[in-house]
Amino acid sequence: MTPGARARTQIVIVGAGPAGLLLGQLLHNEGIDAIILERRSADYVRGRIRAGVLEQGTVDVLARAGVATRLESEGLVHEGFEICFRGRRHRIPLKTLVGKTVTVYGQTEVTRDLMEARVACGAETIYEADDVELHDLDGSSPWVSYRHAGVAREIACDFIAGCDGHHGVSRRSIPADALKTQERIYPFGWLGVLADVPPPWHELIYANSERGFALASMRSPTRVRCYVQCALDDPIGNWSDARFWDEFRRRIGAGPGDQIGAPASIEKSVAALRSFVVEPMRYGGLFLAGDAAHIVPPTGAKGLNLAVSDVFYLHEALRDFYRERSQRPLDEYSARCLRRIRKAERFSWWMTRQLHHFPDDPQSARMQERALEHLFDSDVAQASLAENYVGLPLV
Ligand code: APR
Ligand code: PHB
């Protein structure tokens, strides 16, 4: 690209997380050109540790995009999960209740598959793009400026897809009075540990104990991913592996808690819990997708799945725009996404409410007991939980 000359493409995608990369692949398969601008290096993006439960709808979209070969051979299909309440485990048989399953396959692996597919199809991704700025969003031809290797560059386009996460530039580029936001920050976080040992549990276990929440998950037949609820002001330095596994055992209960032992952690990090939704998800020529528009607490395993449904709807809207030259699919994008996002927000809030220890709300424990007793006694309540956990079909 000659310095100073403004390049041109159909879609500029800001952010090479799962949302941006998947949108790039879906558009490429439709013959729509897109350039992805990513602030970080490819190695950094590839190495990020995130969640890993995929709804069937997400698996279908990844297959549709042509990036599900490894997922289909290495993903772990789960027909249920467990809730451990006060040391007693209750199985939620997803397949029996709603005829659907979820697949355990790390977001890190999804990102790797998408990055490889993008290189293989020769589509353009600019990593280490600094100072990305969006221009003329409410005009007829938006454009983006950025710096790469110290050189200022510009790209003109038809539309911009803001897939740059919660702290990205896209949402910030929309005038505040054009947006409505809803936010809830929870008074605790999740301390997560990754360890290379075979998981002694075959399905995920979500635990509500008097000492707080815990989650027994996995990444593969040889790698576990476990979490305990922690105070946000308790620095990670206070959490030795021994302390983590001792706390985990006390919460997850005997059996799996004893079998896991105290393996060395290969990754350990704290994530704050928050709910965040912004609307509308379109401002002129800019469309927000994924974490750029919404955050859910991880308790419902919806973060990645919502990002996938957003970009699936956005790729359909852009495909139909270029086919029919009608604005209608683009005008409907935001409402279509928000219907699904609100359902997932509510479900993630419910799961978080029922399974965590709320230090400043002693009453909540009694209400949790009522809600969970009702759940364990009622097939209808379990079916509703299962329906929300497996998610709505997409393709
Ligand atoms: N310029 C360019 N790239 C940016 C900028 C910027 N100003 N700001 C952020 N980015 C990049 C980030 O470096 C990151 O790679 O945008 C990408 C956003 O990716 P994610 O945060 O992973 O968001 P998204 O693709 O929407 O994926 C959502 O990630 O956090 C999980 O639970 C969440 O699973 C969900 C998924
Ligand atoms: C994970 O495996 O990291 C995971 C699984 C389920 C959740 C959250 C995280 O609800």
Side-chain angles (χ1 to χ4, degrees), residues 12-24 35-42 44-55 58 76 78 81 83 102-111 114-115 125-134 144-148 160-173 190 192-194 199 201 203-206 213-220 223-227 267 269 271 273-274 276 288-311 314 344 347-348 351-352 355 389:
V12 169
I13 300 174
V14 186
L21 289 164
L22 179 57
L23 179 63
I35 295 176
I36 298 183
L37 295 177
E38 166 56 52
R39 174 167 60 185
R40 300 285 191 156
S41 69
Y44 179 91
V45 169
R46 205 179 284 112
R48 260 189 314 233
I49 305 289
R50 294 270 178 79
V53 173
L54 310 184
E55 297 173 351
T58 293
L76 306 170
H78 283 192
F81 69 92
I83 295 181
V102 292
T103 303
V104 174
Y105 185 71
Q107 179 172 320
T108 315
E109 307 311 319
V110 172
T111 304
L114 286 165
M115 289 173 81
T125 309
I126 298 164
Y127 289 97
E128 297 171 276
D130 297 323
D131 311 328
V132 170
E133 279 187 43
L134 314 186
V144 177
S145 61
Y146 65 99
R147 299 184 68 76
H148 190 246
I160 300 171
C163 300
D164 47 352
H166 189 65
H167 304 288
V169 63
S170 297
R171 191 181 65 252
R172 287 203 316 268
S173 305
W190 276 16
V193 158
L194 203 59
W201 39 82
E203 294 178 329
L204 273 60
I205 307 172
Y206 291 83
F213 171 82
L215 170 60
S217 182
M218 60 195 73
R219 286 292 171 273
S220 73
R223 180 172 283 186
V224 296
R225 177 67 166 165
C226 299
Y227 301 90
E267 190 271 353
S269 55
L273 267 66
R274 78 164 81 210
F276 177 90
L288 301 180
D291 277 16
H294 45 76
I295 299 276
V296 283
T299 331
K302 293 297 177 204
L304 176 61
N305 295 298
L306 280 179
V308 168
S309 57
D310 288 352
V311 296
L314 184 52
F347 174 63
S348 306
M351 287 283 277
T352 305
L355 298 174
Y389 195 82

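We count ligands from 1, going down the list as the structure has it; atoms in each ligand are counted the same way. Note that these values count all heavy atoms, side chains included, but never hydrogens, waters or copies made by symmetry. Bear in mind that the values here come from a model prediction, so they are computed numbers and not experimental data.
With distances taken over non-hydrogen atoms, the option nearest atom 14 (C) of ligand 1 out of Arg39, Arg50, Arg48, Glu128 is Arg48. Of the options Gly303, Ala271, Cys163, the smallest heavy-atom separation from atom 18 (C) of ligand 1 is shown by Cys163.
Looking at Arg50 next to ligand 2, no N or O pair under 3.5 Å apart turns up. The distance criterion of under 3.5 Å between nitrogen or oxygen atoms is met by Ser217 with respect to ligand 2. Considering both main-chain and side-chain atoms, Pro298 comes within under 3.5 Å of ligand 2 through a nitrogen or oxygen pair.
In this structure, Arg219 has a heavy atom closer than 4.0 Å to ligand 2. Contact analysis puts Leu215 in contact with ligand 2, with a non-hydrogen atom separation below 4.0 angstrom. For Pro18, the closest heavy-atom approach to ligand 1 falls below 4.0 Å. Using a 4.0 Å heavy-atom cutoff, Trp190 is listed among the residues neighbouring ligand 2.
Heavy atoms from both the backbone and the side chain of Ala301 come within less than 4.0 Å of ligand 2. Of the heavy atoms in Val104, none comes closer than 4.0 Å to ligand 2.
Between the side chain of His294 and the main chain of Gly303, no donor-acceptor pair closer than 3.5 Å is present.
Of the protein's non-hydrogen atoms, the one nearest atom 6 (C) of ligand 2 is Tyr206 OH, 3.3 Å. Looking only at heavy atoms of the protein, atom 17 (C) of ligand 1 is closest to Glu38 OE1, 3.6 Å. Of all protein heavy atoms, the one lying nearest to atom 3 (O) of ligand 2 is Tyr227 OH, 2.5 Å. With respect to atom 34 (O) of ligand 1, the closest heavy atom belonging to the protein is Gln107 OE1, 2.7 Å. In terms of protein heavy atoms, atom 1 (N) of ligand 1 is closest to Val132 CG2, 3.7 Å.
For ligand 1, the atoms sitting less than 4.0 Å from at least one non-hydrogen atom of Arg40 are 13 (O), numbered in the order shown with element in parentheses. Near Ala19, meaning under 4.0 Å from any of its heavy atoms, are these atoms of ligand 1: 24 (P), 25 (O), 26 (O). Every atom of ligand 1 with a heavy atom of Gly15 under 4.0 Å away is listed here by number and element: 11 (C), 16 (O), 17 (C). Short contacts between ligand 1 and Val14, defined as distances under 4.0 Å to a heavy atom of the residue, involve ligand atoms 1 (N), 2 (C). Within ligand 1, counting atoms from 1 as listed, the ones closer than 4.0 Å to a heavy atom of Gly168 are 8 (N). Interface of Val169 with ligand 1, defined as ligand atoms under 4.0 Å from a residue heavy atom, comprises 7 (N). Near Gly290, meaning under 4.0 Å from any of its heavy atoms, are these atoms of ligand 1: 26 (O). Annotation for ligand 1: atoms under 4.0 Å from non-hydrogen atoms of Leu304 are 34 (O), 35 (C).
Annotation: the span from Leu134 atom CG to Tyr146 atom OH amounts to 13.5 Å, rounded to 0.5 Å.
Taking the six-membered ring where tryptophan is involved, the planes of Trp190 and Phe213 are essentially parallel, since the angle between them stays under 30° and well short of 60°.
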